[in-house]
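In this text the structure is predicted, and so the values were computed from the model without any measurement.
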Amino acid sequence: MHAFPYSTTYGTTVAPARVAVPPSLALPVIEAAFPRQLHPYWPRLQEKTRSWLLEKRLMPADKVEEYADGLCYTDLMAGYYLGADDAVLQAIADYSAWFFVWDDRHDRYVVHGRTAAWRTLRQALHAALESPGAHLHHPDPLVAGLADSVARLFAFLPDTWNARFTRHFHAVIDAYDREFRNRTEGIVPTVEEYLELRRLTFAHWIWTDLLEPTAGRELPDGVRKHAAYRRAALLSQEFAAWYNDLCSLPKEIAGDEVHNLGISLITHHGLTLEEAIEEVRRRVEECISEFLVAEQEALRLADSLADGTVHGKELGAAVRACVANMRNWFSSVYWFHHESGRYMVDSWEDRSTPPYVTNEAAGEK
């Protein structure tokens, strides 16, 4: 299956696939002003990630055969991390596929009340993150899969980057634990609580960290924490998280979810479903317009780093590459939500149970 079935080129701007985007989800500015691109390694990437899912037993063979390509996980990453070495993109794509499988396992544990199993998994993931080499053969494929993907990611940049990624992902695991408690106890977070938690469960800073191995170098703290760079990065991730909420709202209402910006708005602000959809959409559109301003500020930062030295030139180019991929995230996320079987709820036999997951999760009898 081709990522962009109606496009003709890879590694350059391509025409969007001709998928039907519902009017309530259509964003003309994305379709017009954020040209879609694809890493030229994509066909091999899809093949190798599919094989990796099988090798690591992260999905049953029949599910991989029937659903893996249609879920478009590799399309999402190949549209985001442009310029990455093939090995870097492969490691990122496998980690991303792992992340989706983990998210599905977390969901099934909530649905079936597997509190003890979740606690065991959470502890094992924290341990695997700290010492991936010691967990490559863990009996739970999800733990072993994390160890494998993280060990590969840690090979590209210095230990300081690895430590930052580790710190950021520990926070993501803990955020998933808070979401688990909220869902099992039926607690809908306030809008403010949700927005803070969503930045962690969506792994904002993980996907931002991965821009650096894509660009081939670790960025110094002074650049990463610079207001211009940080704002552009945050807006690209906020767009993705909130657009995901907009697209997945029907799926999550069907599954008795409590973690969605729309659900928080309905519960705590008294909005109707239609009003909540309108408000989430407004926030999504605001992210786009604010990013266009922040993008220019970040590019000016990149220009200021090119001070005539070789180091300055290389650092400025790396920042420019990272900012360009922040822009790519908008189009990649947008089209992913309309091409991936992950969001085609109306085609599912049971709207609360995705057909690509198994309730007999690994380690469960």
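Counting non-hydrogen atoms of neighbouring residues, nucleotides and ligands closer than 6.0 angstrom, the CD atom of Glu55 exceeds 12 such neighbours. With a 6.0 Å radius and a threshold of 12 heavy atoms from other residues, nucleotides or ligands, Glu196 has its CD atom at or below the threshold.
Cation-pi geometry between Arg217 and Trp161 is not met: the NZ or CZ atom fails to fall both under 6.0 Å from the ring centre and inside 45° of the normal. Relative to the six-membered ring of Phe34, Arg327 meets both conditions, a distance below 6.0 Å and an angle of at most 45° to the axis.
The existence of a salt bridge linking Arg342 and Asp103 is confirmed by a sub-4.0 Å separation between a basic side-chain nitrogen and an acidic carboxylate oxygen. The existence of a salt bridge linking Asp174 and Arg122 is excluded, since no basic side-chain nitrogen approaches an acidic carboxylate oxygen closer than 4.0 Å. Residues Arg199 and Glu238 are paired through a salt bridge, judged by an N-O separation under 4.0 Å between the basic side chain and the carboxylate. Of the charged side-chain nitrogens involved, none lies within less than 4.0 Å of a carboxylate oxygen, so that Arg50 and Glu47 do not count as a salt-bridged pair. Ion pairing between a basic and an acidic side chain is recognised when a charged N comes within 4.0 Å of a carboxylate O; Arg108 and Asp104 show no such pairing.
With rounding to the nearest 0.5 Å, the separation of CD1 in Ile173 from CG in Leu125 is 5.0 Å. The distance from the CG atom of Leu121 to the NE2 atom of His126 is 10.0 Å, given to the nearest 0.5 Å. Atom CZ of Phe99 is separated from atom CZ of Phe202 by 8.5 Å, given to the nearest 0.5 angstrom. Distance check: Leu129 CG to His168 NE2 gives 12.0 Å after rounding to the nearest 0.5 Å. Here CD1 of Ile266 is found 8.5 Å from CD of Glu274. Values are rounded to the nearest 0.5 Å.
Under a 3.5 Å cut-off, the side chain of His138 and the backbone N or O of Asp140 do form a donor-acceptor pair. Between the side chain of His269 and the backbone N or O of Leu271 there is no donor-acceptor pair closer than 3.5 Å.
Residue Val19 is grouped with residue Tyr343 when hydrophobic side chains (ILVMFWY) are merged at heavy-atom distances under 4.5 angstrom, including chains of intermediate members.
The one candidate from Ile30, Leu25, Val280 that meets the side-chain contact (heavy atoms from CB on, under 4.5 Å) condition with Tyr243 is Leu25. Tested against Glu285 for a salt bridge (Lys or Arg N to Asp or Glu O under 4.0 Å), the candidates Arg282, Arg281, Arg283 yield a single pass: Arg281.
Of all non-hydrogen atoms in Trp52 and Leu58, the two that sit nearest each other are CZ3-CD1, 3.4 Å.
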